[in-house]
Amino acid sequence: HVQLVESGGGSVQSGGSLRLSCAASGVIGSSMCIGWFRQTPGKEREGVAAISTNGDSRYYASFVTGRFTISQDDVANTVYLQMNDLKPDDTAMYYCAAEAAFCSSLLYLRTRAYTYWGQGTQVTVS
C-alpha cells in the first residue's frame, strides 16, 4: 500500500511560480509511475504530468508543456512539479497519484491508470 502526501500549494500572482511536492511512503516498488493531476469544481480531474521512477520517461499535458517540469528525488521518494509562468487557468486542486507500473505512454495522464491518490494541495493564481 502506498501513501502519498502533497505539499507546496498556495496563492501566487499570474506569472509566478510554485513547486509542488509529492512524498511517497509505504510499499514502493522499483518501478512506479507518479502522476500529477488537477481538478476544479464541476470539472473532471485532468492529467498534468507523469514520470517513471526508474527511468527518464516523462509525459506532459499540452497545456503545460514548457511551463511545468516533473522531476524526482529517489532518496527522498519525492516527486516534484515545478510550475512556472502560472496563469489563472492553472487554479485548481492538484493531486498526485501512483501506480506500480512503468509510464509507457500518454495513457498515464488518465485517472484510471492509477490506484493510489493523495489528498491534494490547492493552487490559486490571481
Side-chain angles (χ1 to χ4, degrees):
H1 189 69
V2 176
Q3 293 85 42
L4 303 170
V5 178
E6 302 95 334
S7 62
S11 297
V12 295
Q13 293 187 339
S14 183
S17 299
L18 284 173
R19 189 178 77 160
L20 306 183
S21 299
C22 173
S25 62
V27 180
I28 301 171
S30 60
S31 178
M32 300 289 290
C33 184
I34 307 294
W36 281 100
F37 292 78
R38 68 187 189 184
Q39 187 172 26
T40 54
K43 293 187 177 181
E44 292 188 356
R45 195 169 294 188
E46 62 181 358
V48 175
I51 186 170
S52 280
T53 60
N54 70 342
D56 293 330
S57 293
R58 291 174 172 83
Y59 298 93
Y60 294 95
S62 59
F63 54 79
V64 302
T65 301
R67 299 190 299 126
F68 293 8
T69 302
I70 191 169
S71 62
Q72 61 176 329
D73 181 333
D74 292 339
V75 175
N77 283 334
T78 300
V79 170
Y80 303 99
L81 184 69
Q82 177 67 44
M83 305 187 297
N84 298 327
D85 190 24
L86 283 162
K87 307 176 187 303
D89 284 348
D90 295 318
T91 295
M93 184 71 78
Y94 282 72
Y95 300 89
C96 68
E99 182 63 23
F102 179 76
C103 301
S104 57
S105 73
L106 287 170
L107 288 176
Y108 285 90
L109 291 182
R110 297 185 180 183
T111 57
R112 62 188 181 202
Y114 295 88
T115 300
Y116 305 103
W117 291 85
Q119 295 300 305
T121 185
Q122 178 68 38
V123 171
T124 303
V125 185
S126 60

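- Shown here for Leu18 and Gly8, the closest heavy-atom pair between the two residues is CD2-O, 3.8 Å.
- Taking each heavy atom of Gly120 and Met93 in turn, the nearest pair found is C-SD, 3.7 Å.
- Applying side chain to side chain contact (heavy atoms under 4.5 Å, CB included) to Ser17 and the options Arg67, Gln82, Met83 leaves one that passes, Gln82.
- A chain of hydrophobic side-chain contacts below 4.5 Å, direct or via other Ile, Leu, Val, Met, Phe, Trp or Tyr residues, connects Phe63 to Leu86.
- For Asp73, the salt bridge (Lys or Arg N to Asp or Glu O under 4.0 Å) criterion is met by no residue, not counting sequence neighbours.
- Taken together through direct or relayed side-chain contacts under 4.5 Å among Ile, Leu, Val, Met, Phe, Trp and Tyr, Tyr59 and Val79 form parts of separate hydrophobic clusters.
- Of the possible donor and acceptor atoms, none in the side chain of Arg38 sits under 3.5 Å from a partner among the backbone N and O of Val48.
- Listed for the Thr65 side chain is a donor-acceptor partner under 3.5 Å among the backbone atoms of Ala61.
- One N or O on the side chain of Ser52 and one on the backbone of Cys103 form a donor-acceptor pair closer than 3.5 Å.
- Of all the heavy atoms in Arg58 and Ile70, the pair that sits closest is NE-O, 3.0 Å.
- Pro88 has its side chain within reach of Ser14: a pair of non-hydrogen atoms, C-beta onward, lies under 4.5 Å apart.
- Ring centers of Trp117 and Phe37: under 6.0 Å apart, within the cut-off.
- Smallest separation of non-hydrogen atoms from Tyr114 and Ala50: OH-CB, 3.6 Å.
- Pairing each heavy atom of Val2 with each of Met32, the nearest pair is CG2-CE, 4.0 Å.
- Rounded to the nearest 0.5 angstrom, Glu6 CD and Leu81 CG are separated by 11.0 Å.
- Cluster membership for Val64 and Leu109, using ILVMFWY side-chain heavy atoms within less than 4.5 angstrom, is not shared.
- Scanning all heavy atoms of the two residues, the minimum distance from Thr91 to Val125 falls at OG1-N, 2.8 Å.
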Set out, in order, the CA-CA distance, both residues' side-chain angles and the distance that settles side chain to side chain contact (heavy atoms under 4.5 Å, CB included) for Thr69 and Tyr60, then state yes or no.
CA-CA 8 Å; Thr69 302; Tyr60 294 95; 3.8 Å; yes
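- Taking OG1 of Thr111 as the reference point, atom CD of Glu46 lies at 11.0 Å (rounded to 0.5 Å).
- Within the model, atoms OG of Ser126 and NZ of Lys87 stand 14.0 Å from one another, a figure rounded to the nearest 0.5 Å.
- Within the structure, ring pair (Phe, Tyr, Trp, His ring centres under 6.0 Å) contacts touching residues 74-108 (residues at least two apart or in different chains) do not occur.
- Summarising the geometry, atom CD1 belonging to Ile34 is positioned 6.0 Å from atom CG belonging to Leu4; distances are rounded to the nearest 0.5 Å.
- The distance from atom OG of Ser105 to atom CZ of Arg110, rounded to the nearest 0.5 Å, is 8.0 Å.
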